[in-house]
Amino acid sequence: MVVRTGPIRYAEADRFGLPKRVNGGQSNTGQSSGQICPQPRSRLAHVMGARHDVRPQGEDCLNLSITTPALDDGRRPVMVWLHGGGFMSGAGLFDWYDGSALSAEGDVVVVSVNYRLGAFGYLFADGISPGNLGLHDQIAALHWVQDHISRFGGDPSQVTVFGQSAGAMSIRMLLDHPGGLFRRAIIHSDPRSTEPLSLDDAAQIGEAFLGYLDGDPRSVSAEEIIRALHRVASAHPISAGSTVPLPFRPVSTGWEPRDLTGVDVVYGWNADEMAAFGGGVGSGSFADPELGLRRRAQGSRSQGFPLSAGLAAGWLGLRGRPLRRVATGSRVVPGLGRLADARLRAVAGGGPAWPGGSRLVGLLRPHWDPRAD
C-alpha cells in the first residue's frame with residue numbers, strides 16, 4: 001500500500017513571471033487547482049492515441065503529486081520526475097506517471113512535477129518574459145522538496161531527479177545549476193542534437209510569436225497564446241541547434257560547469273529513438289557516449305549505455321525480476337544482454353563497474369538501492 005497525495009501547489013506565478021515559493025501552510029494543505037499548463041495536442045497523439053485522463057488546463061499549474069509508502073519520519077530516498085513532451089505538452093499529474101509501483105517496490109518517495117510549457121514557460125522576449133521559466137519552475141519544485149518532503153516520509157539529502165526527453169534535457173542543464181538541489185540524476189532519452197537556444201535565436205522566435213498576437217501578451221487568452229504558438233512552430237519548423245521542431249525550449253543559462261564530484265549520473269536511450277518523429281538512433285539525436293566522458297571529467301560518476309524500452313520499464317516498475325526476463329520481448333541493442341550481465345557481476349559487491357572508478361548506479365541494476373553510496 002502507498003499514499004498518493006496531491007495535487008499540491010509548490011509555487012505561484014503571474015504570466016511570464018518567475019515562480020514565487022508558497023509558504024509552508026499553503027504548500028501542505030494539498031489544495032490546489034489541479035490544473036496543468038495550457039498546451040496543444042501532443043505531437044505523439046497520432047502514435048499513442050488520445051489521452052484518457054483529461055486534466056483541466058490553466059495557468060495556475062505549478063502543482064506536483066507525491067506517492068509515498070507512508071506519511072511518517074522514514075527518511076526514504078526521494079525521486080523527482082520531470083516529464084517529457086518537447087517543452088510543449090505533458091504534465092506530471094497525468095495518470096501514466098503514477099509513481100505507485102516504484103514507490104511500493106523501491107520504498108521511495110516519488111514526486112511528479114508540472115512545469116510551464118511552450119510560450120508560457122520558454123518565451124524569451126525583452127520586457128515581456130526572461131525565458132527559461134519552465135526551468136525555474138523545476139528549480140522551485142526542487143526547493144519545495146528540500147523544504148517539505150520530510151513530512152511525506154522523504155529524506156531531502158537523498159534526492160534523485162529523473163526525467164525523459166524534455167525532462168532529460170532539463171536535468172542536463174540542472175546539473176550545472178549552482179544550487180546543488182539533488183544528489184543523483186537519471187537521464188532518459190536526452191535529445192542530444194538539441195541544444196539550448198542562443199539568446200539571439202530565442203529573441204527572433206519571441207519577436208515572431210509576439211507578431212502573431214492581436215493584443216498584449218500579458219492579457220490575451222490562453223487560447224490565443226496556443227494559436228500563436230502553432231503559427232510559430234509552423235513558420236520555424238527547425239530552429240538553430242536542433243533536428244526537431246522545438247522553437248520554445250530553454251535558452252542558454254550562462255551557468256558555469258559545476259563540479260559534479262559526488263553526483264551520480266545514469267543515462268540511456270532506446271534502440272529506435274525518434275522513430276515517431278521520422279528520426280532514429282542512427283541520426284545521433286540521443287546516443288551520445290561523449291556525455292559520460294564529459295560528466296566524468298567534471299567529477300561525476302556516470303556512464304551511458306543503450307537502453308531498451310523493456311529495460312526502462314523493468315527499472316521503473318518491475319525491479320527485482322531477473323534482467324533477462326525484463327528484457328524479453330523488447331528490442332534490445334545487440335550485445336546489450338552480455339554487457340549488462342558483465343556489468344552486473346562487476347557491481348554485485350558494490351565495486352567499480354567502469355574504467356576510472358566510475359560506477360553504474362541505476363538502470364541495469366535490478367536491485368539498485370537509492371540509499372547506496
Side-chain angles (χ1 to χ4, degrees), residues 1-12 21-22 24-37 39 48 51-58 60-85 89-117 137-138 140-156 158-164 167 171 181-182 184 186 188 312-320 362 368-371:
M1 293 290 293
V2 296
V3 179
R4 192 176 185 196
T5 303
I8 296 172
R9 180 182 288 110
Y10 66 84
E12 297 173 325
R21 294 161 69 179
V22 294
Q26 288 176 296
S27 61
N28 282 286
T29 62
Q31 301 298 316
S32 83
S33 66
Q35 293 177 347
I36 66 174
C37 185
Q39 57 193 261
M48 303 178 67
R51 301 203 54 81
H52 297 295
D53 57 328
V54 178
R55 304 281 171 155
Q57 296 189 16
D60 182 18
C61 60
L62 301 186
N63 305 305
L64 54 79
S65 68
I66 301 172
T67 308
T68 179
L71 297 172
D72 57 17
D73 59 355
R75 295 190 67 80
R76 297 171 181 84
V78 181
M79 304 191 70
V80 179
W81 171 251
L82 301 180
H83 67 83
S89 63
L93 298 186
F94 282 156
D95 285 344
W96 62 11
Y97 297 137
D98 179 355
S100 297
L102 179 57
S103 179
E105 296 182 28
D107 193 32
V108 296
V109 179
V110 180
V111 181
S112 190
V113 176
N114 282 354
Y115 54 93
R116 283 175 285 180
L117 304 167
D137 295 343
Q138 296 162 2
L142 289 168
H143 277 294
W144 189 97
V145 168
Q146 289 295 313
D147 293 342
H148 300 293
I149 203 62
S150 60
R151 301 189 186 188
F152 298 87
D155 181 354
Q158 294 271 7
V159 174
T160 297
V161 61
F162 67 129
Q164 172 263 344
I171 295 170
L181 293 170
F182 51 89
R184 288 186 165 120
I186 300 172
H188 298 282
W315 181 76
L316 287 172
L318 302 173
R319 286 173 45 205
W368 175 57
D369 183 354
R371 296 181 179 86

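Side-chain atoms are counted along with the backbone in the values below, which use heavy atoms only and exclude waters and symmetry mates.
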ask   = Can you list the steps and then say if Ile66 with Ile8 is a side-chain contact (heavy atoms from CB on, under 4.5 Å)?
value = CA-CA 8 Å; Ile66 301 172; Ile8 296 172; 4.0 Å; yes

query = Step by step, would you call Ile149 with Phe152 a side-chain contact (heavy atoms from CB on, under 4.5 Å)?
reply = CA-CA 5 Å; Ile149 203 62; Phe152 298 87; 4.3 Å; yes

message = Go through it in stages, so that I can follow the logic: the residues are Phe162 and Met79, the test is side-chain contact (heavy atoms from CB on, under 4.5 Å), and I'd like the CA-CA distance, side-chain angles, deciding distance and then a yes or no.
response = CA-CA 7 Å; Phe162 67 129; Met79 304 191 70; 3.6 Å; yes

inquiry  = Arg116 vs Leu62, test: side-chain contact (heavy atoms from CB on, under 4.5 Å). Steps then yes/no.
reply    = CA-CA 7 Å; Arg116 283 175 285 180; Leu62 301 186; 4.1 Å; yes

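Among residues two or more places apart in sequence or in another chain, the side-chain contact (heavy atoms from CB on, under 4.5 Å) test is passed with Asp73 by none. Annotation: side-chain contact (heavy atoms from CB on, under 4.5 Å) contacts of Ser103 (sequence neighbours excluded): Val2, Thr67, Pro69, Val110. Residues passing the side-chain contact (heavy atoms from CB on, under 4.5 Å) test with Asp72, sequence neighbours excluded: Ala70, Arg76. Residues meeting the side-chain hydrogen bond (donor to acceptor under 3.5 Å, both in side chains) test with Asp155, sequence neighbours left out: Arg75, Ser157.
If you run side chain to side chain contact (heavy atoms under 4.5 Å, CB included) between Thr68 and each of Asp107, Val78, Val108, Val109, only Val109 comes through.
Note that the CG atom of Asn114 and the CG atom of Asp60 stand 10.5 Å from one another [nearest 0.5 Å]. Once rounded to the nearest 0.5 Å, the distance linking CG of Asp137 with CG of Leu117 reads 9.0 Å. Between Gln57 atom CD and Gln39 atom CD the span is 5.0 Å, to the nearest 0.5 Å. With rounding to the nearest 0.5 angstrom, the CD atom of Gln138 is 8.0 Å from the CD1 atom of Ile171. Between the CG atom of Leu64 and the NE2 atom of His148 there is a distance of 10.0 Å, given to the nearest 0.5 Å. Taken from OG in Ser32 to CG in Asn63, the straight-line distance is 3.5 Å, to the nearest 0.5 Å.
Pairing each heavy atom of Gly34 with each of Pro7, the nearest pair is CA-CG, 3.5 Å. Residues Arg4 and Ser65 come closest through the heavy atom pair NH2-OG, 4.4 Å. The shortest heavy-atom contact between Arg184 and Gln158 is NH1-OE1, 4.3 Å. Pairing each heavy atom of Trp81 with each of Gln164, the nearest pair is CH2-CB, 3.7 Å. When all heavy atoms of Tyr97 and Ser112 are compared, the closest pair comes out as CB-OG, 3.9 Å.
With a 4.5 Å cut-off on side-chain heavy atoms, Tyr10 and Val145 do not count as touching. With contacts defined as side-chain heavy-atom distances shorter than 4.5 Å, the pair Thr160/Phe182 does not qualify. Using a 4.5 Å heavy-atom cutoff, the side chains of Leu181 and Val159 are not in contact. For the pair Arg21/His143, a side-chain contact is recorded, criterion being any heavy-atom separation below 4.5 Å from C-beta on.
Taking the six-membered ring where tryptophan is involved, the planes of His83 and Tyr115 are essentially parallel, since the angle between them stays under 30° and well short of 60°.
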